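Remember, predicted model here, so these are calculated numbers, not experimental data.
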Amino acid sequence: MGEGLFTHTMQVLKRSLDVRLLKHGLTTSNVANAEVPGFKPKDISFKDAMRTAVEGGELQLARTSRRHLPVGDDDNLSARVVESPCQGVDIDQEMAGLAENNLMYQASIQLLAKKFEVIKTAIIEGGK
């Protein structure tokens, strides 16, 4: 993990954004395939993915297809994407999950912006 200006906290926030982005993609894929017979919705455990990142392991996000764009700057990201054992998609549940994920993504963005604001203040005030 990073040191100096780009602390461990910033690395964890970056990873949380990566996981939120992956979760968003899975949820929108679930909604898009809701009418496909036999489709099983997929999800990722944000809590487990972040535990891996915080406990020292590099957070890995899985690309389930070669055609998927890599998330973040690491091409070898992987995380455990799980397929629901139940058939069909509950649209209300997926939309609620999408809204929650969006709120948490925005919260992570705000925290990251605050960290950059602190660095900017330190640079400006340090020069006086």
Side-chain angles (χ1 to χ4, degrees):
M1 293 286 169
E3 294 183 20
L5 289 178
F6 300 101
T7 62
H8 179 74
T9 302
M10 293 179 81
Q11 293 296 321
V12 170
L13 286 170
K14 178 194 175 296
R15 295 300 186 196
S16 76
L17 293 173
D18 292 342
V19 175
R20 292 286 174 202
L21 183 62
L22 176 63
K23 191 169 180 73
H24 178 85
L26 290 172
T27 304
T28 55
S29 173
N30 291 341
V31 171
N33 292 297
E35 301 297 322
V36 175
F39 178 79
K40 293 183 178 181
K42 296 177 182 70
D43 198 3
I44 182 173
S45 169
F46 181 81
K47 184 177 175 182
D48 291 345
M50 290 309 296
R51 181 179 300 130
T52 301
V54 170
E55 290 177 353
E58 187 66 22
L59 182 61
Q60 305 285 310
L61 300 176
R63 288 170 55 188
T64 55
S65 169
R66 292 179 336 151
R67 296 181 304 176
H68 291 166
L69 295 174
V71 178
D73 55 0
D74 296 332
D75 205 19
N76 59 350
L77 295 174
S78 70
R80 188 161 179 241
V81 176
V82 293
E83 190 173 84
S84 172
C86 60
Q87 293 285 336
V89 175
D90 182 342
I91 292 293
D92 291 336
Q93 184 178 356
E94 295 294 331
M95 296 308 287
L98 195 61
E100 178 187 350
N101 193 56
N102 185 41
L103 286 173
M104 298 308 289
Y105 185 88
Q106 293 301 321
S108 294
I109 290 286
Q110 289 177 0
L111 288 172
L112 201 52
K114 280 287 185 192
K115 293 291 280 183
F116 281 114
E117 192 174 303
V118 168
I119 292 171
K120 180 181 173 184
T121 300
I123 291 170
I124 292 171
E125 295 298 321
K128 291 183 180 179

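With a 4.5 Å cut-off on side-chain heavy atoms, D18 and R15 count as touching. The side-chain heavy atoms of Y105 and S16, taken from C-beta on, include no pair separated by under 4.5 Å. Counting only heavy atoms from C-beta outward, the side chains of M10 and I119 approach each other to under 4.5 Å.
In the hydrophobic clustering of ILVMFWY residues, with side-chain heavy atoms under 4.5 Å counting as a link, V31 and V36 come out together. Note on F39: it clusters hydrophobically with L98, by side-chain heavy-atom contacts below 4.5 Å among ILVMFWY residues. Hydrophobic clustering (side-chain heavy atoms under 4.5 Å, transitive across Ile, Leu, Val, Met, Phe, Trp, Tyr) groups L26 together with V19. Hydrophobic clustering of Ile, Leu, Val, Met, Phe, Trp and Tyr side chains at less than 4.5 Å, counting indirect connections, keeps M104 apart from L13. Both F116 and L17 belong to a common hydrophobic cluster when Ile, Leu, Val, Met, Phe, Trp and Tyr are linked at side-chain heavy-atom distances under 4.5 angstrom.
Although no hydrogens or angles enter the test, the distance criterion places a donor-acceptor pair under 3.5 Å between the side chain of N30 and the main chain of K42.
Sequence neighbours left out, the pairs with a member in residues 22-34 that pass salt bridge (charged side-chain N to carboxylate O under 4.0 Å, His left out) are K23-D43.
Interatomic distance, K120 NZ to E125 CD, rounded to the nearest 0.5 Å: 11.5 Å. Atom CZ of R20 sits about 12.0 Å away from atom CD1 of I109, to the nearest 0.5 Å. Here CD of Q11 is found 7.0 Å from NZ of K14. Values are rounded to the nearest 0.5 Å.
Other residues, nucleotides and ligands place more than 12 heavy atoms under 6.0 Å from the CD atom of E83. Heavy-atom contacts from other residues, nucleotides or ligands closer than 6.0 Å to CD of Q93 number 12 or fewer.
Legend: residues meeting side chain to side chain donor-acceptor pair (under 3.5 Å) with S45, ordered by chain and number and at least two apart, are D48. With sequence neighbours excluded, the residues forming a side chain to side chain donor-acceptor pair (under 3.5 Å) with S29 are N33, listed by chain and number.
Scanning all heavy atoms of the two residues, the minimum distance from A49 to I44 falls at CB-CD1, 4.5 Å.
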Determine, stepwise, if the pair N102 / Q106 fulfils side chain to side chain contact (heavy atoms under 4.5 Å, CB included). CA-CA 6 Å; N102 185 41; Q106 293 301 321; 3.8 Å; yes
